[in-house]
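What follows is one structure encoded as structure tokens, with my remarks underneath.
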Amino acid sequence: MNRNAQNKKEGKNGVTLVEMLVVLLIFSLVIGILMSIFVSFIKAQRYILASQQIMDQASYVVEYMGRAIRMAKKDENGDCIDSNKNYLLTPDNHLKFKNYKGDCEEFYLENEKIYQEKGEQGKIPLTSSKFKVTKLEFIVMGDNPGDTYQPRVTILLEMEAKDITPVPKIKIQTTVSQRDLDWKEE
């Protein structure tokens, strides 16, 4: 009796090389597909996390600036900005004003970060270096002496994340009016 007949008789069947290669090919394809799905999930999670972080950062900065701008006072003496004005918008788009404590305060964009200068504290970054601020624009309205409009500032902000592809971006616009009435009826 030959060996193959003896193996079949005893129930010991061997695996041929072709069968082994087919199984390895199918196993490799399944593992490859699963790995690509896993990598896609990881990339999607990183994008969603970066989007959430940029939203948190932008919300914080806009809220922080909004609170300060809302509490601005008219500069009666002109020691911070022009007298009888609430806000000064410089040609390089810096927003200056006198805060409720009487200190001169300023917000501006420099080197892809938003900075604040207040009193003697000096220059303080308000945004993280993980993000790039691509646009910060202030629009001042109703700040002319003698007009009957409440002073208000519109903030336009565009930010994007660094070191991630595709790049999550956010655009925010808000208008903040001064808390105290600026004019009185006669």
Side-chain angles (χ1 to χ4, degrees), residues 47-186:
Y47 181 84
I48 291 168
L49 182 63
S51 296
Q52 182 63 43
Q53 288 174 340
I54 198 167
M55 176 63 91
D56 291 345
Q57 180 83 153
S59 296
Y60 164 76
V61 169
V62 168
E63 180 65 26
Y64 184 85
M65 289 190 300
R67 284 184 188 173
I69 292 168
R70 190 175 296 116
M71 298 297 290
K73 300 286 184 192
K74 187 176 289 242
D75 192 356
E76 304 279 340
N77 305 333
D79 42 337
C80 178
I81 59 175
D82 298 340
S83 8
N84 287 327
K85 286 254 190 192
N86 296 294
Y87 307 105
L88 172 68
L89 189 58
T90 66
D92 53 350
N93 204 37
H94 290 214
L95 181 69
K96 288 182 78 170
F97 55 93
K98 192 174 214 177
N99 68 17
Y100 70 99
K101 291 182 178 179
D103 295 330
C104 196
E105 196 165 342
E106 181 175 3
F107 293 112
Y108 57 92
L109 177 64
E110 182 180 287
N111 297 326
E112 300 176 338
K113 283 186 180 180
I114 297 175
Y115 288 94
Q116 172 192 31
E117 285 191 36
K118 177 166 68 172
E120 296 177 6
Q121 291 179 354
K123 183 168 139 177
I124 301 168
L126 296 179
T127 53
S128 168
S129 57
K130 287 196 237 178
F131 306 104
K132 177 169 66 170
V133 179
T134 55
K135 180 180 183 178
L136 176 65
E137 188 177 330
F138 300 104
I139 301 168
V140 177
M141 298 167 282
D143 197 34
N144 294 324
D147 69 12
T148 57
Y149 298 108
Q150 186 65 10
R152 58 195 179 278
V153 177
T154 299
I155 304 168
L156 303 166
L157 174 66
E158 292 181 15
M159 291 178 71
E160 60 186 47
K162 291 182 178 178
D163 304 328
I164 188 168
T165 305
V167 178
K169 299 178 184 184
I170 189 168
K171 294 180 182 183
I172 293 181
Q173 174 180 329
T174 189
T175 300
V176 180
S177 64
Q178 190 172 333
R179 185 174 183 179
D180 295 328
L181 285 176
D182 186 49
W183 55 276
K184 295 175 178 78
E185 291 187 35
E186 297 176 17

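Quantities reported herein were computed from a predicted structural model and do not represent experimental measurements.
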Looking at every non-hydrogen atom in both residues, tell me the closest pair between Glu105 and Ala68 and how far apart they are.
OE2-CB, 3.5 Å
Approximate separation, where rounding is to 0.5 Å, of Ser51 OG and Ile170 CD1
8.5 Å
Hey, are the side chains of Met65 and Ile114 touching, using non-hydrogen atoms and a 4.5 Å cut-off?
yes
Between atom CE of Met159 and atom OG of Ser128, what is the distance when rounded to the nearest 0.5 Å?
8.0 Å
The test is side chain to side chain contact (heavy atoms under 4.5 Å, CB included); show your working for Tyr108 and Leu136 and say whether it passes.
CA-CA 7 Å; Tyr108 57 92; Leu136 176 65; 5.7 Å; no
Is there side-chain contact between Lys118 and Ile124, with at least one heavy-atom pair below 4.5 Å?
no
Where the side chain of Asn99 meets the backbone of Ala72, is there a donor-acceptor pair that is under 3.5 Å apart?
no
Please report the interatomic distance NZ(Lys73) to NZ(Lys101), rounded to the nearest 0.5 Å.
13.0 Å
Can you see which heavy atom on Ile69 is nearest to which on Tyr87, and at what distance?
O-OH, 2.8 Å
From the list Glu106, Glu110, Glu117, side-chain hydrogen bond (donor to acceptor under 3.5 Å, both in side chains) partner of Lys123 resolves to Glu110
In Thr127, Thr134, Val133, the residue satisfying side-chain contact (heavy atoms from CB on, under 4.5 Å) with Leu109 is Val133
Verify side-chain hydrogen bond (donor to acceptor under 3.5 Å, both in side chains) between Gln150 and Gln178, making sure each step is shown before the conclusion.
CA-CA 7 Å; Gln150 186 65 10; Gln178 190 172 333; 5.0 Å; no
Between Pro151 and Asn86 the two heavy atoms that sit nearest each other are CG-ND2, 3.1 Å
So does Lys171 have more than 12 non-hydrogen atoms from other groups sitting under 6.0 Å from NZ?
no
Taking the side chain as C-beta and beyond, is there a heavy-atom pair between Asp56 and Gln52 under 4.5 Å?
yes
Can you tell me how far NZ of Lys135 sits from CG of Leu157, rounded to the nearest 0.5 angstrom?
10.0 Å
Taking everything shown except Asp92 itself, do over 12 heavy atoms lie less than 6.0 Å from its CG?
yes
Rounded to the nearest 0.5 Å, what's the gap from CD1 on Ile139 to CG on Asn93? Could you check?
9.0 Å
Any idea how Phe107 and Phe97 line up, ring-wise: parallel (<30°), tilted (30 to 60°), or perpendicular (>60°)?
tilted
Considering residues, nucleotides and ligands other than Lys169, do more than 12 of their heavy atoms fall under 6.0 Å from its NZ?
no
To the closest 0.5 Å, what do you measure between NZ (Lys98) and SG (Cys104)?
8.5 Å
Side-chain heavy-atom pair Val61, Ile155 within 4.5 angstrom cut-off:
no
Report the C-alpha separation of Leu126 and Tyr115 in whole Å, then their side-chain angles, then the decisive distance to 0.1 Å, and conclude whether the side chain to side chain contact (heavy atoms under 4.5 Å, CB included) test is met.
CA-CA 6 Å; Leu126 296 179; Tyr115 288 94; over 6 Å; no
